[in-house]
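First comes the structure, then the notes that go with it.
Computed over heavy atoms, backbone and side chain alike; hydrogens, waters and symmetry mates excluded. Read the numbers this way: they start at 1 and go in the same order the structure lists the ligands and their atoms.
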Amino acid sequence: MSTRRNEILKELGLWPVWRLRGPPAADNTAEATIPGIAGASPAIVSRSRSAGASPTVDALSGSAGASPAFQKRSPSVAGGAPALPLDPRAAEFMGMDWPQLKASVAGCTACPLHKDRNKTVFGVGDEQAEWLFIGEGPGADEDAQGEPFVGQAGKLLDNMLAAIGLKRGKNVYIANTVKCRPPGNRNPEPLEAAQCEPYLHRQIELIRPKLIVALGKVAAVNLLKREASVASLRGKVLAYQGTPLIITYHPAYLLRSLPDKAKAWEDLCFAVETMKNL
Ligand code: SF4
């Protein structure tokens, strides 16, 4: 592991890191131990899944069945529950290219959140990315700059990405479930999230990511359409409109809850392993 990466992990409070003690155990369950053991290699937390096996998808969570418009890179989650009925607004956005979609968001007044926004926050990154990270909605910094995950939470997210060898804008796209800032940094209302969701659908259609990582409970609940805690959703490969979905904590939450940084690191390692198998 590089010195730079070690520094990032220490900054994240993720030190010592998880490492394999040796070859995977006979039951194919990764064994976690501390660094410094000769011959150790970085471990991925496998949570009792068979090494090399394709991640299983919790088809009960989210819409595992992709609509015809959602042609995924990975066939691993094809089939399952049918996609949600197409929203009339979603139909409006189908066929839009990036410039058209961005223009539509910039002028959107479809929900009350448009009244207090300074800038819409469309999303940022590699428009052909394999990784899509989704948060809940813009905060004050994002509203001012028009970019998701800036400020302290954004810095932490960038460090989390760097810890697994990723970089904002390079094979990574970052978006939110709503494109306008909820006043006072409250959570988006269900109606607001529902009105904004067709934009996210179209972004996913255009990006065609291999894996989505939802950051925080609000994003997870809005994507999965069911109430659940992050703790109960972690460590599973779920699905959103046919794309594999993993849940972890929101960076803003991690800034307030340092002990959970280690869990977020586990989730990122799990995501890396999942991606390898897609
Ligand atoms: Fe439109 Fe979404 Fe902004 Fe609401 S949050 S006004 S639906 S862009």
Side-chain angles (χ1 to χ4, degrees), residues 62-63 67 69-70 83-127 129 132-151 153-154 157 168-169 172-209 212-227 240-243 245 247 250-253:
S63 303
S67 65
F70 281 70
L84 295 172
L86 191 60
D87 180 281
R89 293 182 69 243
E92 178 187 338
F93 302 140
M94 281 182 67
M96 280 191 179
D97 60 17
W98 282 110
Q100 290 169 328
L101 194 64
K102 289 173 184 175
S104 182
V105 168
C108 182
T109 57
C111 87
L113 294 183
H114 80 276
K115 294 175 187 169
D116 296 310
R117 76 182 176 216
N118 287 304
K119 291 184 177 177
T120 54
V121 181
F122 181 80
V124 69
D126 181 348
E127 294 174 353
L132 172 60
F133 289 79
I134 301 177
E136 60 187 68
D141 292 329
E142 290 80 7
D143 178 64
Q145 298 183 38
E147 181 171 334
F149 286 95
V150 294
L157 177 60
R168 180 186 295 238
V172 172
Y173 197 92
I174 302 171
N176 283 310
T177 55
V178 294
K179 312 300 186 194
C180 302
R181 181 195 180 202
N185 288 342
R186 65 164 172 77
N187 294 337
E189 298 288 347
L191 181 65
E192 295 161 351
Q195 284 294 93
C196 212
E197 189 171 21
Y199 290 125
L200 185 63
H201 280 191
R202 185 59 187 153
Q203 284 177 302
I204 294 172
E205 285 180 323
L206 289 168
I207 298 168
R208 298 170 64 220
I212 297 172
V213 179
L215 301 164
K217 176 177 175 175
V218 174
V221 166
N222 279 322
L223 295 178
L224 294 172
K225 307 288 186 296
R226 65 182 170 99
E227 184 66 28
Y240 178 70
Q241 291 287 323
T243 301
L245 168 69
I247 312 294
H250 194 286
Y253 167 80

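Interface of R117 with ligand 1, defined as ligand atoms under 4.0 Å from a residue heavy atom, comprises 3 (Fe), 6 (S). The H114 neighbourhood of ligand 1 comprises atoms 6 (S), with distances under 4.0 Å to a heavy atom of that residue. Heavy-atom contacts of K179 reach the following atoms of ligand 1: 5 (S), 8 (S) (cutoff under 4.0 Å).
Atom 3 (Fe) of ligand 1 has as its closest protein heavy atom C180 SG, 2.3 Å. The closest protein non-hydrogen atom to atom 4 (Fe) of ligand 1 is C111 SG, 2.3 Å. In terms of protein heavy-atom proximity, atom 2 (Fe) of ligand 1 is nearest to C196 SG, 2.3 Å.
When only modelled atom types and interatomic distance are considered, Q203 and K102 share no side-chain donor-acceptor pair under 3.5 Å.
At least one side-chain heavy atom of L101 sits under 4.5 Å from a side-chain heavy atom of L206.
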Can you check salt bridge (charged side-chain N to carboxylate O under 4.0 Å, His left out) on E147 and R168, steps first, answer last?
CA-CA 12 Å; E147 181 171 334; R168 180 186 295 238; 3.0 Å; yes
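Under the side-chain hydrogen bond (donor to acceptor under 3.5 Å, both in side chains) test applied with E197, the options K225, Q241, R202 reduce to a single match, K225.
Two rings, from Y199 and W98, have their centers 6.0 Å or more apart. For H250 and F133, the gap between ring centers reaches or exceeds 6.0 Å.
Because the distance cut-off is set at 2.8 Å, C108 fails to qualify as a neighbour of atom 4 (Fe) of ligand 1, as none of its N, O or S atoms comes that close.
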